[in-house]
J.: 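Here it is, the structure, as structure tokens.
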Amino acid sequence: MSLRQRHLLGIEPLAPDEITALLDLAERYVVLNRSGRKHTDVLAGLTQINMFFEPSTRTQASFELAGQRLGADVLTMQVAQSSVRKGETLIDTALTLNAMHPDLLVVRHPSSGAVNLLAEKVTCAVLNAGDGRHEHPTQALLDALTIRRAKGRLHRLTVAICGDIAHSRVARSNLILLNRMESRVRLVGPATLMPAGAADLGCEIFEDMRAGLAGADVVMMLRLQKERMDGGFVPSMREYYHRFGLDAEKLARAHPDAIVMHPGPMNRGVEIDGLLADDIRRSVIQEQVEMGVAVRMAAMELLADNLRAARAG
Ligand code: ASP
């Protein structure tokens, strides 16, 4: 079991066998995390630094727990937004941190590509915890694990990814992963929230949510990313909920066993009905959070193996 890359910067470079291997390893961590003794020494002696240039609740907590359960020394830095030009700040920060000899660096940044840039400057393994609209690989992997556990497979599924596609790194990483694992992806949302060139991404596009959900096995809702919008992308929250908010009536168009997902944080009553989000017969939103810790443990173990092999060689 190994990853061919030194870093986990996106789903794009991962082959299907690497995705499967990582999810298989994560299954073992699901068992450990449900046990009374959640500790291993897989990362003992290694230092993990988490740098979040953008606010985060679940991803940050999940990476912290993952590192601690694997026995690493874990430090989380809240990097305040600076008025200094981003490229400069980032490289300075990277070099400063590198001098402290971290082994794993977990980075979230509002600019697409910033984490890749940083990875070129440091000698440790870098994990992308979300960069702008680009990628959020551990989110797509935890979503894949959740889907695989619910549906028993990752191929030949119809997955409807709905809402604010244009601003979503979650949508991008999931689209790449699900295509690679041979599932069919539908992007559902208003034209104003579809990325340019969406039709070339190997998926179907729907502006009518009911049509987009018809027969879907998985309904993945996305947060309306108001912080990445600088204009009127939607007429009003009320209108948006009416057309694109997931409620029981719209969900009835999907497969009767369809699962409902959301990466969080949720805008209840905007992209999803609060009661539906909490309905454990349909919603796997809490399971997604649980799978997040296991997937991050697996990813860090595989990158640490590569690091040790490189150092030994
Ligand atoms: N938590 C996810 C992300 O960081 C989704 C979201 O923020 O809407 O991309």
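Numbering of ligands and ligand atoms starts at 1, following listing order.
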J.: Could you go through the salt bridge (charged side-chain N to carboxylate O under 4.0 Å, His left out) check for Asp208 and Arg253 one step at a time?
T.: CA-CA 12 Å; Asp208 179 312; Arg253 306 295 172 119; over 6 Å; no
J.: Could you list which atoms of ligand 1 come closer than 4.0 Å to a heavy atom of Val170?
T.: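 Heavy-atom distances to Val170 below 4.0 Å select 2 (C), 5 (C), 9 (O).
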J.: Considering distance alone, does some N or O of Gly264 sit under 3.5 Å from an N or O of ligand 1?
T.: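 It does: an N or O of Gly264 is found under 3.5 Å from an N or O of ligand 1.
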J.: I'd like to check whether Thr59 has a polar contact with ligand 1, where a contact means an N/O of the residue lying under 3.5 Å from an N/O of the ligand.
T.: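 There is no such contact.
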J.: Gln139 versus ligand 1: do any nitrogen or oxygen atoms come within less than 3.5 Å of each other?
T.: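 Among all N and O atoms of Gln139, none is under 3.5 Å from an N or O of ligand 1.
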J.: Applying a heavy-atom cut-off of 4.0 Å, say which part of Arg169 lies close to ligand 1: side chain, backbone, both or neither.
T.: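 Within the 4.0 Å criterion, Arg169 contacts ligand 1 through side-chain atoms alone.
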J.: Closest non-hydrogen protein atom to atom 8 (O) of ligand 1, residue and atom name please, with distance?
T.: Arg223 NE, 2.7 Å
J.: Counting only heavy atoms not in Arg238, do more than 12 sit closer than 6.0 Å to its CZ atom?
T.: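 For Arg238, atom CZ is not crowded (no more than 12 foreign heavy atoms under 6.0 Å).
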J.: Apply salt bridge (charged side-chain N to carboxylate O under 4.0 Å, His left out) to the pair Arg4 and Glu18, showing each step before the final yes or no.
T.: CA-CA 8 Å; Arg4 290 178 199 101; Glu18 294 178 286; 3.2 Å; yes
J.: For atom NE2 of His155, decide whether the heavy atoms of other residues, nucleotides or ligands shown that lie under 6.0 angstrom number more than 12.
T.: yes
J.: Do you know the tightest heavy-atom contact between Leu224 and Glu271?
T.: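 That would be N-OE1, 3.3 Å.
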